[in-house]
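Here's the structure we're looking at; comments come further down.
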Amino acid sequence: MRDIIIAGNWKMNKDLDAVRAFCKAIAGGLKGKVLGRVLPIIAPTYPFLALMQREFAGSPFRVAAQDTSSHPDGAFTGEVSATMLASLGLQYCIVGHSERRAYHHESNETIREKVLAVMDSGMKPILCIGETLEQRDGGITDQVILEQLDGCMRGVRVYTGKELILAYEPVWAIGTGRNATGEQAQEVHRQIRKWLADQYNKELADNLSILYGGSVKPQNLTELLAMPDIDGGLIGGASLDPESFLKMVDIAINYK
Ligand code: PGA
């Protein structure tokens with residue numbers, strides 16, 4: 001049975017007051033909910049990780065980091081290592097987001113090092129992959145996805161499929177309001193699961209949650225979750241508002 005994950009990626013949004021207000025609203029909204037297989041996660045910026053982790057201690061709600069260094073420690077000003085994040089009690093860390101690839105020139109090899117660092121620390125990476133509009137229009141989506149999987153996962157040991165989460169995020173759908181249709185996303189998710197079955201094994205592939213990201217909101221989540229290989233969403237804009245986030249958690253609870 002795969003987890004259904006509603007993961008909010010806040011990117012560089014919200015100051016201390018806004019984080020506190022969100023926590024308050026969410027704690028109230030989650031009270032008494034039977035989540036079943038649904039796992040709500042939020043990834044705030046670094047300064048608020050510890051606060052949110054404390055706030056939700058003992059609840060099924062999880063806090064994730066948005067990125068980490070590939071280095072274990074040392075002279076890397078401004079960076080934060082996976083072991084430091086894990087020492088806060090965090091269990092998840094986003095790796096390879098397309099904004100990191102585009103603005104910080106992260107290669108598949110760098111991302112692979114981060115995946116390994118996160119797994120070594122005991123956390124689970126939420127590994128993002130996805131094609132640009134030019135690549136989709138050029139008919140090379142499959143090739144790009146497979147290259148990213150090969151590059152970011154080379155030599156990564158996965159045994160059960162629960163050690164890692166994948167997120168398919170077509171770059172053209174991120175923050176544009178233009179989401180992939182359920183069918184478009186499903187086609188890529190199906191290929192990702194086939195790749196996992198070929199590289200590892202079918203049982204592992206069936207256990208691993210694959211999220212879709214790119215303009216997910218309460219209005220399109222049902223259509224996406226209806227697809228057999230879509231196991232939740234990695235959500236930017238629509239995760240910033242507590243009401244919208246809780247609505248998506250409810251949709252997931254009621255749907256799968
Ligand atoms: P969006 O962002 O939901 O605002 O499109 C998704 C993401 O970048 O993870």
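Atoms within each ligand, like the ligands themselves, are counted from 1 in listed order. Note that these values count all heavy atoms, side chains included, but never hydrogens, waters or copies made by symmetry.
Between G175 and ligand 1, at least one pair of N/O atoms sits closer than 3.5 Å. By the 3.5 Å distance cut-off applied to N or O atoms, I174 is not counted among the residues near ligand 1. Among the atoms of E169, some N or O lies under 3.5 angstrom from an N or O of ligand 1. At least one N or O atom of K11 sits closer than 3.5 Å to an N or O atom of ligand 1.
Shown here are the side-chain hydrogen bond (donor to acceptor under 3.5 Å, both in side chains) partners of E99, two or more places apart in sequence or in another chain: K11.
Less than 4.0 angstrom separates some heavy atom of S215 from each of these atoms of ligand 1: 1 (P), 3 (O), 5 (O). If you number the atoms of ligand 1 from 1 as listed, the ones under 4.0 Å from a heavy atom of G214 come out as 5 (O). The L234 neighbourhood of ligand 1 comprises atoms 6 (C), 9 (O), with distances under 4.0 Å to a heavy atom of that residue. Ligand 1 places these atoms under 4.0 Å from at least one heavy atom of N9: 9 (O).
A side-chain donor-acceptor contact under 3.5 Å links E131 and W172. Between the side chains of T110 and E113, no donor-acceptor pair of N or O atoms lies under 3.5 Å.
Here the protein heavy atom with the shortest distance to atom 6 (C) of ligand 1 is G236 N, 3.5 Å. Scanning the protein for heavy atoms near atom 4 (O) of ligand 1, the closest one is G237 N, 2.9 Å.
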With side-chain contact (heavy atoms from CB on, under 4.5 Å) as the criterion, how do I94 and C128 come out once you've worked through the C-alpha distance, each side chain's angles and the decisive distance to 0.1 Å? CA-CA 7 Å; I94 299 171; C128 304; 3.8 Å; yes
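Residue E106 forms a side-chain hydrogen bond (donor to acceptor under 3.5 Å, both in side chains) with just one option from R101, H97, K114, and that option is K114. Tested against D231, the residues R37, R193, H189 include a single side-chain hydrogen bond (donor to acceptor under 3.5 Å, both in side chains) partner, R193.
Contacts between A238 and ligand 1 below 4.0 angstrom, taking non-hydrogen atoms only, are absent altogether.
Shown here for T45 and Q66, the closest heavy-atom pair between the two residues is N-NE2, 3.7 Å.
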